[in-house]
Amino acid sequence: MVRTRFAPSPTGYMHIGNLRTALYAYLTARRNHGVFILRIEDTDQERNIPESLAAIYKSLKMAGLTYDEGPMKDGGYGPYVQSQRLPIYQEHAQRLLAKGDAFRCFCKKGDPSEEEESPSRRDPCRFLTQADIAEKMEAGEAFVIRQRIPDSGSTTFVDLVYGEITIENSQLDDQVLLKSDGYPTYNFANVVDDHLMGITHVMRGQEYLSSTPKYNLLYDSFGWTVPEYVHLPLIIKEDGSKFSKRLGDPSFEDLVKMGYLPEAILNYIALLGWSPGTDQEYFKLSELEEIFSIDRINKSSAAFSFDKLTWLNGEHIRAMTLDEFHTLAEPYYPEPLAGFNTTKISELLQVRTEKFTDIPGMVDFFVQVPEYDAEMYRHEKSKSDLDTSLDILKAVTPILDNLDPWNNDQLFQTLKAFGKEKSYKTGTVMWPIRTTLSGVMATPGGATALAEILGKEETLKRIKAGIEKLEAA
RNA sequence: GCCCCCAUCGUCUAGGGGACCAGGACGUAGCCCUUUCAAGGCUAAGACCGGAGUUCGAAUCUCCGUGGGGGCACCA
């Protein structure tokens, strides 16, 4: 039975790299009909942010990554919050102490021996006698528990993505397992918990690659078998630098606020470091659940491209039903738009929207025509200039005034016929109408679509305004 | 500094010894369609980091170099 886990620490937001780790772990579980677990790694008392637990749940829910076991969803391996597992780490640390694979260190954080160049092993406390230790403990000195790394030899492990990796033990330091506040470090807790929770595939960022041998040494000390390791390539920016929230790069929830669909974001990041091996790029989560495989994960870091995400977002938008799109688009419509048939507007918008946040700027003119230059009536491709525009606007006014019913099809047929009669290109007729109706160079939908939505009265009003503008020009 | 990892178009990638004068996608440019802009269709430009080897044959294997990234916390 495959068991994977996503083990975020509560930082308050979902980093894009973490989301991908979660996604891959989730997909690996689903693909293999296994179990996906959520574990909270809150072992840093200083960095804990209370409300960030809620943020994790919310993000996962928004992403659609449902977990089978986790806090408040016990699967028999809990608790799933590390701060609630302190006795477990204590007990395991004692076992290591007893075996001699760990030792107490009484050095203080700023001690010179702590500042040495790495590996900062050869810790003086390594060689403390039982009597020394007893004495210091008697005196109530604070201590941490460190892992005792063998002086010689090397440790080899196999990563499912990176292959076989060997590191000399001399390169490893006697890392802290238990802090002086009694909390475990990540280095210790992840090993204990991954084993106790029966994790079969440890999936995490590539930054853990070089500390993995230390974890393996721990597994060995406990006599446990090591899990499969799946280290994931980093996600970077297009300029090659790190993708980081602190440097202003968006988190998952930021991207959603920027107008990206969660499923499009998931789809996009699935492709950052993994490839299906086919030409397909548009995926729903459910499809990924069926085809994701670890052996198609890449080794090299991938740059996050907003351009491609934006495109994919558009693909997801276009794949929706009109109803779905309308529901999502509506909150982005400016208040005064409520008087119009917004469903019709959505229909025009769906094929042109890349991000939802673009919507307000695309529909502003419905509410009010912006200031624009009369030169806008000049359009080479439509064979339109100021004179033809004025003539057409004038000629078309009585025709539209008498038009019934007032709908796109009727408007288009009528205006097209008018153009044919007067030997105008359809575009020459439509250009000035669309322009006077909107005042902008590009609109969702053409002249007649806009006219339909604006209604007869408003359409004629705007045409009149256009005529006045052209006469003054 | 020491250790580890990585290296195909600007970007994501396919490729794993002959099917590759390297395929797809985003982006870019052009054309078509057209009631503006999109969407859609078509086309174009655009890459195997360098050098040695192995081999009849290397983008693919090996080594060296170079470049990039990561790690070396009582952070995860």
Side-chain angles (χ1 to χ4, degrees), chain A residues 7-9 11 18 41-47 105 107-109 114 117-120 142-146 159 162-163 165-168 170-173 175-181 183-187 189-190 204-213 231 233-234 236 238 240-242 268 271-282 296 298-312 314 318 348-354 362 379 381-382 384 408 411-412 415-416 419 425-431 433-435 438 440-450:
Chain A
S9 53
T11 55
N18 283 142
E41 309 224 325
D42 58 343
T43 56
D44 186 352
Q45 295 199 73
E46 285 175 22
R47 280 220 239 163
C105 169
C107 299
K108 300 206 175 54
K109 263 189 210 176
E114 296 275 304
E117 282 208 354
S118 65
S120 62
F143 63 89
V144 300
I145 294 177
R146 286 182 185 276
D159 181 90
Y162 290 93
I165 291 170
T166 300
I167 292 180
E168 296 297 319
S170 63
Q171 292 299 324
L172 275 19
D173 64 334
Q175 65 181 349
V176 171
L177 266 20
L178 229 46
K179 312 179 206 177
S180 53
D181 64 4
Y183 276 64
T185 58
Y186 164 85
N187 302 315
N190 94 81
R204 50 156 80 121
Q206 193 221 49
E207 63 269 26
Y208 295 101
L209 210 47
S210 37
S211 34
T212 297
H231 285 93
L234 263 28
I236 56 175
E238 294 207 69
S241 66
K242 247 165 109 171
Y268 178 64
L271 265 17
L272 278 184
W274 174 84
S275 147
T278 64
D279 283 347
Q280 185 179 351
E281 300 209 273
Y282 173 91
R296 296 202 65 89
N298 281 306
K299 293 182 168 99
S300 48
S301 32
F304 190 99
S305 161
F306 284 93
D307 278 343
K308 189 147 186 178
L309 169 61
T310 301
W311 166 76
L312 206 45
R318 273 165 246 130
L348 296 177
L349 245 32
Q350 185 171 9
V351 78
R352 290 161 241 259
T353 303
E354 290 193 299
M362 295 195 286
H379 187 70
K381 207 181 133 214
S382 302
S384 174
N408 183 40
L411 282 158
F412 184 65
L415 290 171
K416 191 175 176 179
K425 267 184 69 171
T426 305
T428 314
V429 178
M430 300 299 182
W431 182 264
I433 299 174
R434 200 195 55 77
T435 301
S438 68
V440 294
M441 290 297 287
T443 50
T448 60
L450 302 187

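Quick note: numbers below take in every heavy atom, side chains included, and nothing from hydrogens, waters or symmetry partners. Letters A, B, ... mirror the listed sequences (proteins, then strands); counts begin at 1.
Comparing the C1' positions of B:G46 and B:C12 gives a spacing of 15 Å, expressed to the nearest Å.
The shortest heavy-atom contact between A:Leu450 and A:Pro444 is CD2-O, 3.4 Å.
Across all strands shown, nothing is found opposite B:U35 as a Watson-Crick or G-U wobble partner with both distances under 3.5 Å. The partner of B:U28, taking Watson-Crick or G-U wobble pairs whose two distances both stay under 3.5 Å, is B:A44. The pairing partner recorded for B:U66 is B:A7, the criterion being a Watson-Crick or G-U wobble arrangement whose two distances lie under 3.5 angstrom. When both distances must be under 3.5 Å, the Watson-Crick or G-U wobble mate of B:C2 is B:G71. Nucleotide B:G18: paired with B:C56 (Watson-Crick or G-U wobble, both distances less than 3.5 Å).
A:Lys381 has its NZ atom 8 Å from the C1' atom of B:U36, to the nearest Å. Protein atom CG of A:Leu309 is 14 Å distant from nucleotide atom C1' of B:A25, rounded to whole Å. Atom CD of A:Glu281 and atom C1' of B:G23 are 13 Å apart (whole Å).
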Report, one pair per line, the protein and nucleotides 43-45 of chain B atoms (nitrogen or oxygen only) whose separation is under 3.5 Å.
none

Distances under 3.5 Å only, N/O to N/O: pair up the protein atoms with those of nucleotides 4-11 of chain B.
residue: B:U11; atom: O4'; partner: A:Glu238; partner atom: OE1; Å: 3.2

Give each protein N/O atom lying under 3.5 Å from an N/O atom of nucleotides 62-66 of chain B, with the pair distance.
none

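Residue side chain A:Arg352 reaches the base of B:U36 through a donor-acceptor N/O pair under 3.5 Å, judged by distance alone.
The ring of A:Phe412 lies on top of the base of B:U35, close enough and flat enough: under 5.5 Å between centres, under 30° between planes.
Counting only distance, with no hydrogens or angles, the side chain of A:Thr448 and the backbone of A:Leu411 share no donor-acceptor pair below 3.5 Å.
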